[in-house]
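The chains referred to below are lettered A, B, ... by the order of the sequence lines, with proteins before strands, and numbering in each begins at 1.
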2 protein chains.
Amino acid sequence: MIDFTDELRLHNLKATPQRLAMSDAMYVNGHINIDALYLIMLKKFHSISLATIYKNINLMLENSFIQEVKIPQDKSVYELSKDIHSHLVCQKCKEVFDINLELETVLSEAQQQSGFKICKTSLVFSGICKKCQ
Amino acid sequence: MIDFTDELRLHNLKATPQRLAMSDAMYVNGHINIDALYLIMLKKFHSISLATIYKNINLMLENSFIQEVKIPQDKSVYELSKDIHSHLVCQKCKEVFDINLELETVLSEAQQQSGFKICKTSLVFSGICKKCQ
DNA sequence: TTATAAAGGATAATCTTTATCCTTTGTTAT
DNA sequence: ATAACAAAGGATAAAGATTATCCTTTATAA
């Protein structure tokens with residue numbers, strides 16, 4: 001179990017046992033939604049409040065310690081912040097995977113066509129993963 | 001005001017006045033969220049129920065008459081189904097724009113890297129639109 | 001024109017998320 | 001190590017969003 005104390009403090013978040021456990025759950029699972037996270041947390045903290053989960057998720061988002069990924073026709077999942085990447089979601093097992101893709105070309109084409117100043121790209125593919133095929 | 005009667009029936013949806021007005025609102029606005037849609041509908045139907053909006057949105061989604069677009073850090077918007085395309089959202093004025101981009105290369109690269117069978121691509125750029133810069 | 005399944009409206013019920021309040025705790029400076 | 005204090009946690013209420021229910025009305029097909 002990795003210690004996220006320093007990482008939390010770097011993002012101006014106090015390193016409480018609950019936050020350390022949440023960080024670990026996201027690290028271990030990669031991507032996780034609120035319900036699943038709450039269930040995991042309940043195992044370690046018998047009386048943790050769902051409000052604590054929400055409060056921490058929101059603070060961690062505000063401080064960019066984590067990111068939200070909106071999944072088509074499903075609940076959002078959360079992941080520890082890392083280098084920019086895209087996502088794949090399996091419609092069968094619901095698992096979410098990271099993928100690194102070269103999007104410079106598409107992005108500059110989008111900026112040119114639209115006149116937008118783009119600062120964020122959110123790309124999610126839906127399909128069937130290797131295992132589920 | 002375009003008549004969506006036939007279009008609705010093609011998707012196995014009865015053409016009620018409420019649904020025709022919802023279709024028109026989406027056609028006129030391009031992309032719209034539940035709250036804005038409800039406000040527009042209230043002008044035409046003084047006593048329309050919010051439940052009617054939700055019921056129809058869900059049926060229209062199930063029958064692929066419309067599509068949901070999940071917007072990062074904001075509420076989902078809905079649009080009439082049309083040819084596959086991507087989206088741009090302005091972080092200032094919140095407007096959502098359609099854009100046609102060539103994604104074959106990126107998609108096949110994603111399939112190759114991951115082993116996924118991809119059947120849907122959801123791409124949303126966030127930034128500042130031409131007008132708001 | 002009529003019969004019927006489906007849709008609309010009103011409202012209750014059910015999530016989901018946030019706010020409140022008080023107790024406990026992490027952190028910083030002695 | 002200790003004390004002080006802002007911040008976090010837990011319990012719970014409140015608010016917000018979505019769905020279910022029930023009865024009346026209506027679109028559609030025969």
Side-chain angles (χ1 to χ4, degrees), chain A residues 3-26 32-63 65-78, chain B residues 3-26 32-63 65-78:
Chain A
D3 180 33
F4 283 95
T5 303
D6 296 343
E7 199 65 28
L8 281 165
R9 289 185 181 151
L10 278 176
H11 290 83
N12 298 310
L13 295 163
K14 283 192 187 178
T16 68
Q18 290 85 347
R19 287 176 182 174
L20 290 169
M22 284 178 65
S23 307
D24 187 64
M26 286 189 263
I32 196 163
N33 67 30
I34 296 282
D35 298 337
L37 180 57
Y38 184 45
L39 289 180
I40 289 175
M41 293 296 290
L42 273 175
K43 290 179 189 165
K44 277 202 177 175
F45 303 87
H46 174 58
S47 72
I48 193 172
S49 169
L50 186 51
T52 299
I53 307 284
Y54 276 107
K55 281 187 282 193
N56 282 335
I57 285 286
N58 287 333
L59 276 172
M60 288 171 167
L61 283 171
E62 284 164 26
N63 295 16
F65 178 68
I66 63 172
Q67 300 296 136
E68 177 176 10
V69 185
K70 294 208 173 190
I71 307 293
Q73 19 265 8
D74 226 314
K75 294 182 186 171
S76 288
V77 295
Y78 301 88
Chain B
D3 180 32
F4 283 95
T5 303
D6 296 343
E7 199 67 27
L8 281 165
R9 288 185 182 152
L10 277 177
H11 290 83
N12 298 309
L13 294 163
K14 283 191 185 177
T16 68
Q18 291 85 346
R19 287 175 182 175
L20 290 169
M22 284 178 66
S23 307
D24 186 65
M26 286 188 263
I32 196 163
N33 67 29
I34 296 281
D35 298 338
L37 180 58
Y38 183 45
L39 289 180
I40 289 175
M41 292 297 289
L42 273 175
K43 289 179 189 165
K44 276 201 179 175
F45 302 87
H46 173 57
S47 72
I48 194 172
S49 170
L50 186 51
T52 298
I53 307 285
Y54 277 107
K55 281 187 284 192
N56 282 335
I57 286 284
N58 287 334
L59 277 171
M60 288 172 169
L61 283 171
E62 283 165 27
N63 295 17
F65 178 68
I66 63 173
Q67 301 295 136
E68 177 176 10
V69 185
K70 294 208 173 188
I71 306 294
Q73 19 266 10
D74 227 313
K75 294 182 185 168
S76 288
V77 295
Y78 301 89

Closest heavy-atom pair, N63(B) versus N12(B), reported as atoms and distance to 0.1 Å, is ND2-O, 3.6 Å
How far apart are the closest heavy atoms of A21(B) and F45(B), and which atoms are they? CB-CE1, 3.6 Å
Quick one: K55(A) NZ to dT25(C) C1', roughly how many Å, whole number? 13 Å
Separation of atom OH in Y78(A) from atom P in dT16(C), rounded to whole Å: 12 Å
Which ones in residues 13-20 of chain A lie close to DNA chain C, meaning a heavy atom under 4.0 Å from one of its atoms? K14(A), A15(A), P17(A)
For M41(A) and Q18(A), the nearest pair of non-hydrogen atoms, with its separation, is CE-O, 3.3 Å
Between dA7(C) (P) and N12(B) (CG): distance, integer Å: 10 Å
How many whole angstroms separate atom CG of L59(B) from atom P of dA7(C)? 6 Å
Value in whole Å for how far the C1' atom of dT26(D) lies from CZ of R9(B): 13 Å
Nearest heavy atoms of A15(B) and L8(B), plus distance in Å: CA-CD1, 4.0 Å
Is it the case that the side chain of N56(A) and the backbone of R19(A) share a donor-acceptor pair, with hydrogens and angles ignored and the cut-off at 3.5 Å? no
List for me each residue that meets side chain to side chain donor-acceptor pair (under 3.5 Å) alongside K44(B), sequence neighbours excluded, and say none if there are none. none
Heavy-atom closest pair (L37(A) atom, M22(A) atom, distance to 0.1 Å) is CD2-CE, 3.8 Å
Take atom CG of L8(B) and atom P of dA6(C), then tell me their distance rounded to the nearest Å. 16 Å
When you measure from every atom of DNA chain D, which of residues 38-52 of chain B have a heavy atom less than 4.0 Å away? L50(B), A51(B)
Non-hydrogen atoms of F65(A) and S23(A) that approach each other most closely: CE2-OG, 3.4 Å
It should be established whether N56(B) places a side-chain nitrogen or oxygen under 4.0 Å from OP1 or OP2 of nucleotide dG8(C). yes
Spell out, as yes or no, whether a donor-acceptor pair under 3.5 Å connects the side chain of N33(B) to the backbone of D35(B). yes
Grab the NE2-P distance between H11(A) and dG26(C) for me, whole Å please. 21 Å
Whole-Å distance between dT16(C) C1' and N33(A) CG? 13 Å
Within the structure, does a side-chain N or O atom of K75(A) lie under 4.0 Å from either OP1 or OP2 of dT16(C)? yes
